[in-house]
Number of protein chains: 2
Amino acid sequence: MRHRLKDVAERAGVSVKTVSNVVNGYAHVRPDTRARVEEAIAVLNYRPNLSARNLRKGRTGVIALAVPELDIPYFAELARHVVTAAADLGWTVLIDQTGGGREQERVVASGITDHLIDGLIFSPLALTADDLINLDGTPMVLLGERVAHGPADHVVIDNVAAAREITNHLVGLGRRRIAAIGSQRTPEGASARLRLDGYRSALEEAGLGYDEALVAPAPVWHRADGAAAMRNLLSSGVRPDAVFCFNDTLALGALRALHEAGLRVPEDVAVAGFDGIEDGRFSVPTLTTIAPDKERIARLAVELLANRIDGDRTAEPRELAAPYRLESRESTQGR
Amino acid sequence: MRHRLKDVAERAGVSVKTVSNVVNGYAHVRPDTRARVEEAIAVLNYRPNLSARNLRKGRTGVIALAVPELDIPYFAELARHVVTAAADLGWTVLIDQTGGGREQERVVASGITDHLIDGLIFSPLALTADDLINLDGTPMVLLGERVAHGPADHVVIDNVAAAREITNHLVGLGRRRIAAIGSQRTPEGASARLRLDGYRSALEEAGLGYDEALVAPAPVWHRADGAAAMRNLLSSGVRPDAVFCFNDTLALGALRALHEAGLRVPEDVAVAGFDGIEDGRFSVPTLTTIAPDKERIARLAVELLANRIDGDRTAEPRELAAPYRLESRESTQGR
DNA sequence: CCTGGTTTCTACAACGTTGTAGGCAACGTT
DNA sequence: AACGTTGCCTACAACGTTGTAGAAACCAGG
C-alpha cells in the first residue's frame with residue numbers, strides 16, 4: 001500500500017535516482033521525463049520516507065521545544081508562536097513537557113542526542129549551566145532567565161527593566177504600599193529574583209523603601225498560588241494599595257482573592273501582572289501587565305537555532321533581547 | 001563526535017550485532033561481554049540513531065497530535081494529557097497546529113503518511129468524513145464530534161446529554177429565560193449543533209419553549225466572540241436570566257460583557273460554560289461548567305491508537321465515550 | 001567419546017534514500 | 001571532422017540499524 005522510489009521508477013520507466021531528482025527539484029530533467037515521473041508519483045500517491053531521507057542526509061527537519069507545562073497559558077502561547085515560526089522554515093516541532101524538575105530537564109537536555117531532532121529550543125526552570133556543559137553538540141537555544149551567560153544561545157527579555165517599569169507605573173498612580181507576589185528563594189527562581197530586583201530598585205528610586213512584609217513568596221506560579229499568597233498578605237495585616245504579581249496567573253489568582261475579601265480593584269488595591277497572556281484581556285477587571293513580544297521571542301529563537309544548525313556550531317553563544325510592552329488596563333487604571 | 005554501533009563494537013572487541021543485542025536487551029549475551037559493551041557505550045556516550053532504527057523497523061515511536069490551536073485552553077490542557085499518556089507507553093508526541101481550516105486539516109490528515117509518525121490523534125474542526133476515506137492506512141484516532149461514525153476510531157463525550165444536563169441545572173435554579181451563546185450554522189459547527197440540541201430538548205422538557213431570539217451565534221469560540229455575542233443579546237432587548245455558553249472561553253467573554261453592562265452574575269444573569277478549563281476556577285465569579293474528563297479522553301485516545309498500531313488495522317472503527325461532570329460554581333450558585 | 005541441543009556470537013543483507021562518478025547524446029566551436 | 005561542453009540519465013555505494021541464518025563453543029546424557 002505504501003510506495004517507494006523504486007515503485008515510482010518502475011512505473012515511469014526511469015531509474016530510481018531520476019525519480020529522486022524530480023522529487024528534489026533537480027534542474028536537469030527533461031520536461032517529458034519529469035511529467036511521466038510526476039504522473040507516476042500522483043497515481044501511486046508516493047511520499048518520501050523521512051526516516052530514510054534523514055538517515056542519508058543526517059538531518060531530520062524536526063526541532064524540539066521543551067517547556068515545563070503546556071497548559072500554563074504563557075507556554076501555550078509561546079508554543080504556538082514557535083510552531084508557527086518553525087513551520088515558516090520548513091520545520092516540524094516536537095513538544096516535550098519537562099514538568100519543570102531538574103532531573104527531567106537534564107534528561108531532556110541530554111537525551112536529545114537521539115538524532116531524531118536537529119535542534120532544541122528549551123525553556124528550563126530548574127536546570128543549571130553545569131547541566132549543559134557536557135552535551136555533545138546538538139544545537140540548543142535557551143529561553144528565559146534560568147541559564148544566562150551559559151554555554152548556549154539565549155533569548156531573553158530584560159526582566160529587571162520591565163519589573164522596574166511596571167512598579168513605576170504603580171508608583172505613578174500614587175500608590176505607596178506596593179506589595180509583590182511571587183518571590184522565590186530556590187535556585188529555580190531566576191525570573192523571580194530579577195523581577196524582585198526591578199521592583200525593589202523602582203521602590204528605592206521613588207523613595208518608598210523596601211519592606212519585606214510586603215513581599216509574598218509563591219513556590220509555583222499558578223492561579224491557586226496567587227490567590228493563597230494574596231490571602232496571606234491580607235490576613236497578615238499589611239494593607240497594600242497595590243500588588244505587582246510576578247506573572248499573570250498569579251495576578252488572576254490574586255484578583256480572585258481580593259474579590260473574595262470584598263476589596264475593589266483598582267480602587268482599593270491596584271493589581272499588575274507579567275507575561276501578557278490572553279486571559280488578562282477578559283478578566284474582571286482586565287489586567288495590567290508586561291507583555292513580552294512572544295512572536296518575536298519565538299522567531300528569534302528559531303532563527304538562532306537555524307544559524308546553529310546550518311552554520312558554525314562552535315561560534316560564541318549569542319544572547320538576544322526581545323522587546324516587551326507595558327499594557328495598562330482596568331486593574332490599575334479604573335475606567 | 002557522534003558514535004555509531006561500529007565504534008562501540010571496535011572498542012569492545014565484538015561485532016556490531018552484539019552491541020545491537022546489548023542495546024536492545026537481548027538475553028543471550030555473556031555477562032562479561034555485556035559488561036565490556038556497556039562500558040564502551042558509556043565511555044563513548046553512544047546513542048542509537050533513531051532514523052536508522054526507524055528505517056529498519058518501520059516504526060518511529062512518534063505519534064502526532066493535531067489540534068486547531070495550542071493556546072485555546074481546552075486544547076492546551078488536552079495536549080498536556082495526551083503527551084503524558086503517550087509518554088507512559090514510550091511514545092513521543094509531535095504537535096501539529098492546524099488552525100482549524102478545512103484545507104489545512106486535510107493536509108495534516110494526508111500529509112501524515114510521511115513515515116515520520118506511527119499514528120495520529122486528530123481533533124478536527126472542519127474536516128468531513130469524505131476527507132478521510134482516502135488515507136493510506138496511517139492509524140488515526142479522532143477526538144470530538146466533527147466526524148462521528150467516520151472511518152476511524154473515535155473518542156467523544158455525549159454532548160447532547162451534557163448540554164441537556166447543564167440547561168436543566170439552570171432550569172432547576174428557577175431561571176426561565178435561558179439564552180444560548182455559540183450556535184453555528186457552518187459545517188464546522190458539529191459540537192455547536194449537538195449542544196444546541198441538548199439545550200433545546202431540556203427547555204422543551206421543562207415546558208419553557210424554544211425562542212430563536214435567545215440564541216446567539218458565535219462563528220469562533222474565543223473570549224472576544226463570547227463578549228460580542230453577549231453584548232448583542234443585551235442590546236437586542238431580550239433580557240435573559242441565564243446564559244448557557246457552548247464553551248468556557250465564550251462564557252468568560254460573556255461574564256466580561258455582563259460586568260461591563262452592570263449586570264450581576266448570578267443574581268441578574270446566571271452563566272454556564274462547557275469544557276471545564278482551569279481559568280473557570282479562578283474567574284470572578286467562578287464558572288459553572290461541564291467538565292469532560294480530559295485525562296480519560298487522552299488515555300482512551302492513546303490506547304485506541306496503540307491498538308491500531310500494534311494490532312488489526314482493518315478492524316471496524318470503534319467509538320468510545322468519555323465521562324463528564326457538571327461542576328457547579330458561583331456563576332450559577334451565588335455564594 | 002559421541003550425539004543433539006543450547007548458548008553465544010558473527011556475517012550478511014536489507015530498510016529507502018541521496019551523493020558521487022560516470023556514460024551517452026546532442027550541441028556549438030575550432 | 002574532431003573537439004570539448006553541456007544536458008540528461010544511470011549504477012553504485014553509503015547513511016546506521018536490525019532480522020536471518022548459521023558457525024563455533026559449550027553442555028548434558030547416553
Side-chain angles (χ1 to χ4, degrees), chain A residues 1-41 44-62 90 113-118 136-138, chain B residues 1-41 44-62 90 113-118 136-138:
Chain A
M1 202 47 213
R2 209 160 256 179
H3 299 285
R4 305 154 298 165
L5 283 181
K6 193 172 169 225
D7 303 315
V8 178
E10 278 166 10
R11 187 166 230 281
V14 296
S15 78
V16 168
K17 189 64 216 286
T18 297
V19 180
S20 170
N21 286 340
V22 169
V23 170
N24 291 285
Y26 180 66
H28 299 302
V29 180
R30 264 206 335 263
D32 62 315
T33 312
R34 181 181 299 276
R36 272 207 328 283
V37 170
E38 278 169 349
E39 203 220 313
I41 287 176
L44 297 177
N45 190 26
Y46 166 77
R47 310 236 160 212
N49 180 319
L50 293 190
S51 287
R53 177 179 287 173
N54 298 339
L55 172 59
R56 183 60 236 231
K57 293 201 160 187
R59 290 281 173 82
T60 68
V62 177
T113 50
D114 287 359
H115 308 246
L116 193 84
I117 60 167
D118 295 337
D136 53 355
T138 305
Chain B
M1 200 50 215
R2 208 158 255 180
H3 299 285
R4 304 156 298 162
L5 282 182
K6 193 172 171 223
D7 303 314
V8 178
E10 277 166 12
R11 188 165 228 281
V14 296
S15 77
V16 168
K17 190 62 218 286
T18 297
V19 181
S20 168
N21 286 339
V22 170
V23 171
N24 292 284
Y26 180 66
H28 301 303
V29 179
R30 268 208 331 265
D32 62 314
T33 311
R34 182 182 299 277
R36 274 210 324 286
V37 170
E38 277 169 352
E39 203 219 315
I41 287 176
L44 297 178
N45 191 26
Y46 165 79
R47 309 233 162 216
N49 180 318
L50 294 190
S51 287
R53 178 179 283 176
N54 296 340
L55 173 60
R56 182 61 237 227
K57 293 200 158 188
R59 287 281 172 82
T60 67
V62 177
T113 50
D114 288 358
H115 308 247
L116 192 88
I117 60 169
D118 295 338
D136 52 356
T138 304

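Convention: sequence-line order gives letters A, B, ...; per-chain numbering from 1. As the structure is a prediction and not an experimental result, all values here were calculated from the model.
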Tell me if the side-chain of A:Arg56 makes a donor-acceptor pair with the base of C:dT18, cut-off 3.5 Å, by modelled atom types.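 Indeed, a donor on one side and an acceptor on the other fall under 3.5 Å apart.
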Is it the case that the base of C:dG16 and the side chain of A:Lys6 share a donor-acceptor contact (distance under 3.5 Å, atom types as modelled)?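 Answer no: no donor N or O sits under 3.5 Å from an acceptor.
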Closest to the [X] side chain: [options]?
| X | options | answer |
| --- | --- | --- |
| B:Tyr26 | D:dA11, C:dT8, C:dT17 | C:dT8 |
| A:Arg4 | D:dG7, C:dA11, C:dT17 | C:dT17 |
| A:Leu55 | D:dT17, D:dG16, C:dT10 | D:dG16 |
| B:Val16 | D:dT18, C:dT18, D:dC9 | D:dT18 |

On DNA chain C, nearest-nucleotide positions of B:Pro31 versus A:Val23: which is more 5'?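 It is B:Pro31 whose nearest nucleotide is closer to the 5' end.
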Spacing between [X] atom [atom1] and [N] atom [atom2], to the nearest angstrom:
| X | N | atom1 | atom2 | value |
| --- | --- | --- | --- | --- |
| B:Asp32 | C:dT7 | CG | P | 17 Å |
| B:His28 | D:dC26 | NE2 | C1' | 14 Å |
| A:Leu44 | C:dG16 | CG | P | 14 Å |
| A:Arg34 | D:dG7 | CZ | P | 14 Å |
| B:His3 | D:dT17 | NE2 | C1' | 17 Å |
| A:Leu5 | D:dA11 | CG | P | 14 Å |
| B:Lys17 | D:dG16 | NZ | C1' | 13 Å |
| B:Leu50 | C:dC15 | CG | C1' | 15 Å |

Under 3.5 Å for both donor-acceptor distances, Watson-Crick or wobble: does C:dC12 have a partner, and if so which one?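 Result: D:dG19.
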Side-chain N,O ([X]) to OP1/OP2 ([N]) below 4.0 Å:
| X | N | answer |
| --- | --- | --- |
| B:Thr18 | C:dT10 | yes |
| B:Thr33 | C:dC9 | yes |
| A:Arg53 | C:dG16 | no |
| B:Asn54 | D:dT17 | no |
| A:Ser20 | C:dT18 | yes |
| A:Asn24 | C:dT18 | yes |
| A:Arg30 | D:dC8 | no |

Any heavy-atom pair between the side chains of A:Leu50 and A:Thr60 that's under 4.5 Å?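 No. Closest side-chain heavy atoms not under 4.5 Å.
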For [X] and [Y], which heavy atoms make the closest approach, and how far apart are they?
| X | Y | result |
| --- | --- | --- |
| B:Leu55 | A:Ser51 | N-CB, 3.9 Å |
| A:Val23 | A:Pro48 | CG1-CG, 4.4 Å |
| B:Gly13 | B:Arg36 | O-NH2, 4.2 Å |

Under 4.0 Å, heavy atoms only, any strand: does A:Lys57 hit a base, just the sugar-phosphate, or nothing?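 Sugar-phosphate only.
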Base, sugar-phosphate or nothing for B:Val14? Non-hydrogen atoms, less than 4.0 Å.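 Sugar-phosphate contact only.
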Run through B:Asn24, B:Val22, B:Val29 and flag the one making a side-chain contact (heavy atoms from CB on, under 4.5 Å) with B:Tyr26.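 The option that passes is B:Val29.
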Apply side-chain contact (heavy atoms from CB on, under 4.5 Å) to B:Val8 and B:Arg11, showing your working. CA-CA 5 Å; B:Val8 178; B:Arg11 188 165 228 281; 5.8 Å; no
